[in-house]
Protein chains: 2
Amino acid sequence: MTHSEENYIKGIYHLSEAGAGSVSTTTLATHMETKPSSVTDMIKRLAGKELVNYKKYQGVRLTEQGQLKALQIIRKHRLWETFLVEKLDFNWDEVHEVAEQLEHIKSDMLVDRLDALLDYPDYDPHGDPIPDKDGAFKTRDKKLLANLGPGKSGQCVGVVDSSAAYLKFLDKHGIALGDSITVLEREEFDQSLKIRIGTRNFSVSQRIASNLYVKPIEN
Amino acid sequence: MTHSEENYIKGIYHLSEAGAGSVSTTTLATHMETKPSSVTDMIKRLAGKELVNYKKYQGVRLTEQGQLKALQIIRKHRLWETFLVEKLDFNWDEVHEVAEQLEHIKSDMLVDRLDALLDYPDYDPHGDPIPDKDGAFKTRDKKLLANLGPGKSGQCVGVVDSSAAYLKFLDKHGIALGDSITVLEREEFDQSLKIRIGTRNFSVSQRIASNLYVKPIEN
DNA sequence: TTTTATTTTTAGACAAATCTAAATATTTAT
DNA sequence: ATAAATATTTAGATTTGTCTAAAAATAAAA
Ligand SMILES: [Mn+2]
Ligand SMILES: [Mn+2]
Ligand SMILES: [Mn+2]
Ligand SMILES: [Mn+2]
């Protein structure tokens, strides 16, 4: 598989995970920052390799084989991100671009040893699960901070959008994975939340609150 | 620069380091495992980017700019090889193929941090010098084991050919970088050498002896 | 249910990197 | 110095991945 084929397979995986079932040509084109006609070409190549099922005008979906391939690339992406943060002191907003390249390195031994060096991590620096060799990964009981009721608490375990802009915003407000967050009050007017992290009380917009995953803490 | 362009630049560097001055189309084609006609095409592209000087039928040589680029790729290659051996427990004969891919990853931060993680190594697992950011590297007083006179000793510091086959051969005979070798006797008939490493005495062929660099030890 | 708008595909072109076969140039041998 | 051998370049083709513009299919609106 070429880098481009791998990137498409990964793109299709992410889009069909979010939406339901088949992915449209235009949606994929937008995601891949390319033209629909290029997507049609690539889809045909991937269909020829039995990585996707494709019927004209009906969008595309991954085959079993394609799905496993996607998960293997995602595994590498997330292991490398973890490596960059844990071993090379990258910040969590600096890893994506480099991991986008590193995920294409072909060497089973390298992936295995990297996994061992990192002590077999279950989650990457953004809280996303790292699939194992067979594509299996742990799912976690998590909900959006935006959906956490007043008085309830949760531990910050992930982000919806892991763009550098959003991650830097979280850094700036001193919000990090692992933090315990308590919702003090919901402002009905703009759906913003008053929250407490440690001893600090402050307010976050609806936009922010619906980008942050928390694991509810019973109390 | 594309992967292919980088590989060519590196190839030209290695060939002009060994031979003198300009590299012929055929020599480069053999080294790159491709056809002379493909080399001519690529050379023209590289000349257009001012990475090489090229006049028809006169071979090719790197410009200042091309040389620096070559050294930066070699730096990455050797840092990654060092990483694989030091941090991921690869054997020295297992690293080349993967480093051949990793050397193309584009990220200055990554290279700097990797260098720091490895504690700024001067030499790679094959004893080859690792250039710094500006392309400067340490040269070492070394000579071929084949040229070491009887009675003389040297410390093993590098190999000429770092192919897996040769490296495995050295492993099998318990010869590693850092070992002290004493030449006991030269067999004039086939130029083989009787040597001592530690407490072991044995004989190595001329072929082997002219593939191993030693730093002479005065005594 | 036509008409209109949107989505998707096809057709044709292009750059990168390669190849084969043929044409030139250079080198070596006679 | 001429011929033969070798090296190099050109011409034309192929694959991958992309693009634009036009055609065809599907979905939405009137
Ligand atoms: Mn990628
Ligand atoms: Mn991530
Ligand atoms: Mn390479
Ligand atoms: Mn090396």
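Numbered from 1 within each chain, the chains take letters A, B, ... in sequence-line order.
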A.B. asks: Parallel, tilted or perpendicular: which one describes the rings of A:His31 and A:His14, with boundaries at 30° and 60°?
C.D. replies: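 If you compare the ring of A:His31 with that of A:His14, the planes turn out tilted.
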A.B. asks: So, OP1 or OP2 of D:dT10: does either fall under 4.0 Å of a side-chain N or O from B:Thr40?
C.D. replies: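 Negative; the distance criterion is not met.
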A.B. asks: What's the OH-C1' distance between A:Tyr57 and D:dA27, to the nearest Å?
C.D. replies: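 From A:Tyr57 OH to D:dA27 C1': 13 Å.
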A.B. asks: Can you work out whether A:Gln58 or A:Glu33 has the more 5'-proximal nearest nucleotide on DNA chain D?
C.D. replies: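 Counting from the 5' end, the first nearest nucleotide belongs to A:Glu33.
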A.B. asks: Less than 4.0 angstrom between a side-chain N/O of B:Thr25 and OP1 or OP2 of D:dT9, yes or no?
C.D. replies: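 Yes, B:Thr25 has a side-chain N/O under 4.0 Å of OP1/OP2 on D:dT9.
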A.B. asks: Could you tell me whether B:Glu103 and B:Arg78 have a side-chain N and a carboxylate O separated by less than 4.0 Å?
C.D. replies: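 Salt bridge flag = no for B:Arg78 with B:Glu103.
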A.B. asks: Hey, does B:Thr34 reach any base, or is it just sugar-phosphate, or nothing, if we go heavy atoms under 4.0 Å?
C.D. replies: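 Sugar-phosphate only.
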A.B. asks: Atom CG of A:Asp41 to atom C1' of D:dT15: distance rounded to whole Å?
C.D. replies: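 From A:Asp41 CG to D:dT15 C1': 13 Å.
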A.B. asks: Which part of the nucleic acid, if any, lies within contact of A:Ser37, taking any heavy atom under 4.0 Å across all strands shown: a base, the sugar-phosphate backbone alone, or nothing?
C.D. replies: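 Here A:Ser37 touches the bases of the nucleic acid.
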A.B. asks: Give me the first and last nucleotide of DNA chain C, going 5' to 3', that has any atom under 4.0 Å from a heavy atom of chain A.
C.D. replies: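 The footprint of chain A covers C:dT7 to C:dT10.
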A.B. asks: Within less than 4.0 Å of OP1 or OP2 of D:dA25, is there a side-chain N or O belonging to A:Lys56?
C.D. replies: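 No, A:Lys56 has no side-chain N/O under 4.0 Å of OP1/OP2 on D:dA25.
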A.B. asks: Tell me: CE of A:Met1 to P of D:dT16, nearest whole Å?
C.D. replies: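 Going from CE in A:Met1 over to P in D:dT16 covers 13 Å.
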A.B. asks: Is A:Glu6 salt-bridged to A:Lys106, going by a charged N under 4.0 Å from an acidic O?
C.D. replies: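 Yes, A:Glu6 and A:Lys106 are salt-bridged.
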A.B. asks: To the nearest angstrom, how far is A:Asn7 atom CG from D:dT18 atom C1'?
C.D. replies: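 Computing the A:Asn7:CG to D:dT18:C1' distance gives 14 Å.
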A.B. asks: Decide yes or no on ring-ring contact (aromatic ring centres under 6.0 Å, His included) for B:His96 and B:His126, but give the supporting numbers first.
C.D. replies: CA-CA 10 Å; B:His96 187 76; B:His126 311 110; 7.3 Å; no
A.B. asks: For residues A:Ile73 and A:Lys10, report the shortest heavy-atom separation together with the two atoms involved.
C.D. replies: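 What the structure gives for the nearest pair is CG2-CD, 3.7 Å.
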A.B. asks: For A:Met42 and D:dC19, what is the distance between atoms CE and C1' respectively, to the nearest whole Å?
C.D. replies: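 Interatomic distance, CE of A:Met42 to C1' of D:dC19: 14 Å.
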A.B. asks: Counting the atoms with a prime plus P, OP1 and OP2 as sugar-phosphate, which does A:Lys44 contact under 4.0 Å by heavy atoms, base, sugar-phosphate, or nothing?
C.D. replies: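 Result for A:Lys44 = sugar-phosphate.
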A.B. asks: Send over the distance from A:Arg45 CZ to D:dT18 C1', rounded to a whole Å.
C.D. replies: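 Between C1' of D:dT18 and CZ of A:Arg45: 9 Å.
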A.B. asks: Describe, in one word, how the ring planes of A:Phe83 and A:Trp80 are oriented to each other, choosing from parallel (under 30°), tilted (30 to 60°) and perpendicular (over 60°).
C.D. replies: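 If you compare the ring of A:Phe83 with that of A:Trp80, the planes turn out perpendicular.
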A.B. asks: Quick one: is D:dT16 close enough that its OP1 or OP2 comes under 4.0 Å of any side-chain N or O from A:Tyr8?
C.D. replies: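 Looking at the OP1 and OP2 atoms of D:dT16, neither is under 4.0 Å from any side-chain N or O of A:Tyr8.
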A.B. asks: Tell me whether B:Asp108 is salt-bridged to B:Lys133, with the criterion being a basic N under 4.0 Å from an acidic carboxylate O.
C.D. replies: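 Salt bridge between B:Asp108 and B:Lys133, a charged N being under 4.0 Å from a carboxylate O: no.
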A.B. asks: A:Ser4 near the nucleic acid: base, sugar-phosphate alone, or nothing, with a heavy-atom cut-off under 4.0 Å?
C.D. replies: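 A:Ser4: backbone/sugar contact only, no base atoms under 4.0 Å.
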